[in-house]
2 protein chains.
Amino acid sequence: MIENDIFKALADPTRRAIFEKLANGSMNASALREGIDISQPAMSQHLSVLRNASLVREERQGRFVNYEVNPDGLAQIAGWLAKYRAYWPARIDALKALLKEMDQ
Amino acid sequence: MIENDIFKALADPTRRAIFEKLANGSMNASALREGIDISQPAMSQHLSVLRNASLVREERQGRFVNYEVNPDGLAQIAGWLAKYRAYWPARIDALKALLKEMDQ
DNA sequence: GAATCAGATAAGTGCATGCTTATATGTTTT
DNA sequence: AAAACATATAAGCATGCACTTATCTGATTC
């Protein structure tokens with residue numbers, strides 16, 4: 001199940017950090033390692049998990065592999081979340097605040 | 001980190017099933033077990049994880065413990081997702097379709 | 001074409017996690 | 001107050017998962 005792959009992929013803080021980094025601009029696997037204390041194989045494995053969860057996608061460029069956010073995965077989460085929007089009104093103010101805070 | 005707790009909690013399909021069930025109406029731990037092949041302790045442990053992730057909350061009623069969706073957890077996910085809404089336009093049609101589909 | 005480089009894969013290891021059985025806690029019923 | 005009941009906790013076990021080192025593949029450079 002893809003939904004399961006997505007949540008499992010995001011259950012790891014390192015993978016969320018990688019994803020966040022990619023969200024600020026696509027880059028190759030080596031560049032992604034900068035600033036994160038992680039071995040080359042570990043990064044490769046994390047990227048594989050994110051790829052299988054349709055959270056990122058790759059594009060080979062010569063001997064580099066460029067990675068970028070794949071909106072499909074995000075849409076899946078949005079879809080999952082939407083099932084429960086009946087419960088959002090209770091938290092709508094907190095959400096608005098959160099969004100505003102993030103816009104600064 | 002609470003964000004981590006939330007994604008880890010949702011990474012388990014049984015817990016997502018429990019959460020979904022609660023989203024359709026609050027109920028006690030025993031009622032939750034119906035239809036899901038799961039032991040009493042396992043259910044109790046899953047509920048503990050969901051509780052710690054602020055995805056559900058409990059309310060003791062006599063010797064029963066009533067569980068219900070806690071909007072706080074959902075708001076956290078919505079907040080996380082919002083950080084990446086720059087990528088939503090690319091998938092906005094798919095999302096709309098998803099939402100419409102879910103409304104039937 | 002040999003050396004170098006980016007990245008993926010393989011195999012092994014330790015810790016996290018979801019389950020089990022057994023037992024404890026707290027509440028209601030008789 | 002004893003029995004029954006709803007739920008939680010404890011302890012042990014098997015599997016999953018994130019990491020490691022070693023090696024492989026494919027592309028580039030010299």
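In what follows, chains carry the letters A, B, and so on, assigned in the order in which the sequence lines appear, proteins first and then strands, with residues in each chain numbered from 1.
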Under a 3.5 Å distance rule, please check whether A:Y87 uses its side chain to pair with a backbone N or O of B:A23 as donor and acceptor. yes
Any donor and acceptor pair, going by atom type alone, linking the side chain of A:R85 with main-chain N or O of A:A82 inside 3.5 Å? yes
Euclidean distance, atom [atom1] of residue [X] to atom [atom2] of [N] [Å, nearest integer]:
X     : N      : atom1 : atom2 : value
B:L32 : D:dA6  : CG    : C1'   : 13 Å
A:D12 : D:dC17 : CG    : C1'   : 9 Å
B:I18 : D:dT7  : CD1   : P     : 13 Å
A:F7  : C:dG18 : CZ    : C1'   : 19 Å
B:L10 : C:dT17 : CG    : C1'   : 16 Å
B:E59 : D:dA6  : CD    : C1'   : 16 Å

side-chain contact (heavy atoms from CB on, under 4.5 Å) with B:R57: which residues, sequence neighbours excluded? B:E68, B:N70, B:P71
By side-chain contact (heavy atoms from CB on, under 4.5 Å) - contacts of B:E34 (at least two apart): B:K21
Compare side-chain N and O positions of A:H46 against OP1 and OP2 of D:dC17 and report whether any pair is under 4.0 Å apart. no
Using a cut-off of 4.0 Å on non-hydrogen atoms, how would the nucleic acid contact of A:R33 be classed: base, sugar-phosphate, or nothing? nothing
Who pairs with B:E3 by salt bridge (charged side-chain N to carboxylate O under 4.0 Å, His left out), at least two apart in sequence or on another chain? A:R16
First encountered from the 5' end of DNA chain D, between A:Q61 and A:T14: A:T14
Pairwise distance [atom1]([X]) to [atom2]([Y]) - rounded to 0.5 angstrom:
X     : Y     : atom1 : atom2 : result
B:W80 : A:I77 : CH2   : CD1   : 4.5 Å
A:Y67 : A:L32 : OH    : CG    : 9.0 Å
B:I18 : B:H46 : CD1   : NE2   : 5.5 Å

Please list all pairs meeting salt bridge (Lys or Arg N to Asp or Glu O under 4.0 Å) that have one or both residues in residues 38-52 of chain B, counting only residues at least two apart or in different chains. B:R51-B:E58
Under 4.0 Å protein heavy-atom contacts per nucleotide of nucleotides 3-12 of chain C, with B for base, S for backbone only and - for none: --BSBBBB--
To the nearest 10 degrees, how far apart in direction are the end axes of the helix from C:dG1-D:dC30 to C:dT30-D:dA1, each fit to five base pairs? 20°
